[in-house]
Amino acid sequence: RHETLDFFESEFYDDFLAARTDEWVGTVHTCEYSCEDGELSWTGWDIENEQEQFMVEWEGMEGCMTGDTIGMLLDLDEGKVTVYKNNRRLGVLKDGLSGP
């Protein structure tokens, strides 16, 4: 049986959104890598200003299969998330990130 976790359709989404404070800065507050097809989804919860994107293609986009190992490196100094598959760098999933 194949199970998936979709952050945007899970019980975690509302809890995460409820934890938002004024200290959250920037336009990206969560992003998700889809193992099925490698697509990116992200949100800053400012839908009125179009700060939300689902199923975005990105450079290095590549899905994975059973047995693959996926790693994600959050670099707060550079403001980016990089994705790795089986110890091979796929690319920058999302940049322009910031924090307090």
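The figures that follow rest on heavy atoms only: side chains count, while hydrogens, waters and symmetry mates do not. It should be emphasised that the depicted structure is a prediction, and the values quoted were computed from it without experimental measurement.
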Could you please spell out the steps behind the side chain to side chain contact (heavy atoms under 4.5 Å, CB included) verdict for V83 and I70? CA-CA 7 Å; V83 176; I70 300 298; 4.2 Å; yes
Out of curiosity, does W58 fall in the hydrophobic cluster containing W42 (side-chain heavy atoms, cut-off under 4.5 Å, transitive links)? yes
Check: R88 main-chain N/O paired with N86 side-chain donor or acceptor under 3.5 Å: no
Is L73 reachable from L76 through a run of I, L, V, M, F, W or Y residues, each pair having side-chain heavy atoms under 4.5 Å apart? no
Interatomic distance, M61 atom CE to L40 atom CG [nearest 0.5 angstrom]: 10.0 Å
Interatomic distance, L97 atom CG to K80 atom NZ [nearest 0.5 angstrom]: 10.5 Å
On a heavy-atom basis, the closest approach of Y33 and M72 is CB-CE, 4.0 Å
Is there a side-chain contact between T82 and D75 (heavy atoms, below 4.5 Å)? no
Work out which heavy atom in G63 is nearest to a heavy atom in K85; give both atom names and the distance. O-NZ, 2.9 Å
What about L93 and L74, same hydrophobic cluster or not, with Ile/Leu/Val/Met/Phe/Trp/Tyr joined at side-chain heavy-atom distances under 4.5 Å? yes
